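Values in this document were obtained by computation on a predicted structure and should not be read as measured data. Both counts, for ligands and for their atoms, begin at 1 and track the order of listing.
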Amino acid sequence: MGTVLAGATICGSSGSFRADLRMDGETIDAVGFGLARPGDDVVDLEGRLLFPGGVDVHTHFDLPLATMSSADDFASGTAAALVGGTTTVVDYATAFRGESPSRGIEAWHERARGRAFCDYGFHLALTEWSEAVSAELADVVSGGISSFKLYMAYKGSLQVDDGTLYRAARRIGELGGLLCVHCENGDLVAERAADLVASGLTGPEGHGRSRPPLVEIEAVRRMIAIAELAGCPLYVVHVSTAGAMEAIVAARRAGQSLFAETCPQYLLLDESRYEKGGIEGAAFVLSPPLRPVGNGPLLWGHLARGDIDVVATDHCSFTLAQKAVGLDDFRLIPNGLPGVEHRLSLLYSEGVVRGRLSAERFVESCCTAPARLFGLYPRKGLLAPGSDGDVVVFDPRQEWTIRASKQRQKVDSTPYEGLDVRGRVESVYLRGRQVVEGGSLLDGTPQGLYLRRRPFPK
Ligand code: URP
Ligand code: ZN
Ligand code: ZN
Ligand code: ZN
């Protein structure tokens, strides 16, 4: 017997229409009318919207950083994802210096295995380059990890030089991989931060000032050139400035295989958050930093036009106690914000309801494009026969307020505290099984599957 979701509006990246949707086993088997068979469970969803399960391709669960780990592990992070309508995450497995790719990947499997509530895959972040690393990558891609990440920032830990960027991009392009890059000039950041601290500016305000827009724009321009020379498709993670988008739009117009991601925090928040100083400012420290008022609306425009392909969260949560470690020196504040739980609600409410984003662009950027770019489509990101039964039942009429005290994310703050939101995730199906009802997980047993992903389509 199957489940028929009846009477709702099905929203896809190419339009919305009224139809019923039937799931049988783990997949969708029909979209249309008169689908119910004897014994089916028919759910009346008049007035609701159905979205494909959200796909968040930028998370950092259980990320070890200096002396700590990010607050959400795979259990709490994927549970929060599901409650918020995200049924698939792709997390950044990292091979730290001295670790082989396979060691880095195995460490992430150990973190996630048996703990994930939603389906998950891994990218592989590399922190150094050698013949041995290069040789291992063919097996990494054929094993289902087809996207990689390199950092141009975080001098002394994750940052790599231009030679490594070029060598890695050549090899990744050759293997049919997609290269994701954190574009900020880490050398400039280190010098500027040292000057600020020496001048007595040690609070969180210094974080934003140490990495102004040009730090990102320069790195984006440089990386675009490196990727073009290397013949490798490039995906710029967490683009935060309109200036970086100008460079991306120009290179795309010239035919380069180039994609852009932004995050809700760059669309919705601005740098005034740092001016409060103290722990209130530290709570908003992430990289790239929040930007001046006026930048967000430009990013919304790029997202609406399709220049920005994907909205992901860069979920990397730290408790206020963890953030407080850097109260006397902003360079020591662990970087990152929580967000995996609220991405769909934020983008629907602040985007679709406010007229900044069509429903089609909302589904495309939060569900379909990330699945397509990262080798998961049409299994994920689409409501059609044969796709996984990952369905979000969304009630566009419900109004609620985001509160840290009510969230599932295992962290004691949210950047969106007190924000009134219209539209709410009511229930969620993961591979044909209902896993969320009325905003709560139905089952305490993690059911998430590890997903092997296909190479990037040439
Ligand atoms: O501040 C951030 N974004 N922390 C997470 C790691 C990264 O740079 O993506
Ligand atoms: Zn059946
Ligand atoms: Zn980053
Ligand atoms: Zn990140």
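For atom 4 (N) of ligand 1, the closest non-hydrogen atom on the protein side is Asn335 O, 3.1 Å. Looking only at heavy atoms of the protein, atom 7 (C) of ligand 1 is closest to Tyr154 OH, 3.5 Å. For atom 1 (O) of ligand 1, the closest non-hydrogen atom of the protein is Ser287 N, 2.7 Å.
A heavy-atom distance below 4.5 Å is not found between the side chains of Ser70 and Leu65. Side-chain contact between Gln159 and Asp187: present, with at least one pair of heavy atoms (C-beta onward) separated by less than 4.5 Å.
Within 6.0 Å of CZ in Arg167 there are 12 or fewer heavy atoms belonging to other residues, nucleotides or ligands. By the 6.0 Å contact criterion, CZ on Arg305 is enclosed, its count of non-hydrogen atoms from other residues, nucleotides or ligands being greater than 12. For Arg452, the CZ atom is loosely surrounded, since the number of other residues' heavy atoms within 6.0 Å does not exceed 12.
The side-chain hydrogen bond (donor to acceptor under 3.5 Å, both in side chains) contacts involving residues 354-366 comprise Ser13-Glu364, Glu350-Arg354, Glu350-Arg356, Glu364-Arg372, where partners must be two or more places apart or lie in separate chains.
The distance criterion of under 3.5 Å between nitrogen or oxygen atoms is met by His60 with respect to ligand 1.
Ion pair Arg252/Asp307 not flagged as a salt bridge, since none of the NZ, NE, NH1 or NH2 atoms sits closer than 4.0 Å to an Asp/Glu carboxylate oxygen. Between Arg221 and Glu218 there is no salt bridge, since no side-chain N of the basic residue sits under 4.0 Å from a carboxylate O of the acidic one. Salt-bridge annotation for Asp162 and Arg222: present, with a side-chain N of the basic residue lying under 4.0 Å from a carboxylate O of the acidic one. Comment: Arg431 engages Asp119 in a salt bridge, judged by a side-chain N to carboxylate O separation of less than 4.0 angstrom.
Within the 4.0 Å heavy-atom cutoff, Gln265 does not count among the residues contacting ligand 1.
Partner Val140 forms a side-chain contact (heavy atoms from CB on, under 4.5 Å) with one of Leu124, Ile172, Leu175 and no other, that one being Leu124.
With distances taken over non-hydrogen atoms, the option nearest atom 3 (N) of ligand 1 out of Leu158, Leu286, Leu65, Asp314 is Asp314.
Around the Zn ion (ligand 4), the protein atoms of type N, O or S that sit closer than 2.8 Å are His58 NE2, His60 NE2, Asp314 OD1.
Heavy-atom contacts of Cys316 reach the following atoms of ligand 1: 5 (C) (cutoff under 4.0 Å). Ligand 1 places these atoms under 4.0 Å from at least one heavy atom of His238: 8 (O), 9 (O). In the vicinity of Lys149, heavy-atom distances shorter than 4.0 Å reach the ligand 1 atoms 9 (O).
Neither the backbone nor the side chain of His207 comes within 4.0 Å of ligand 1, counting heavy atoms alone.
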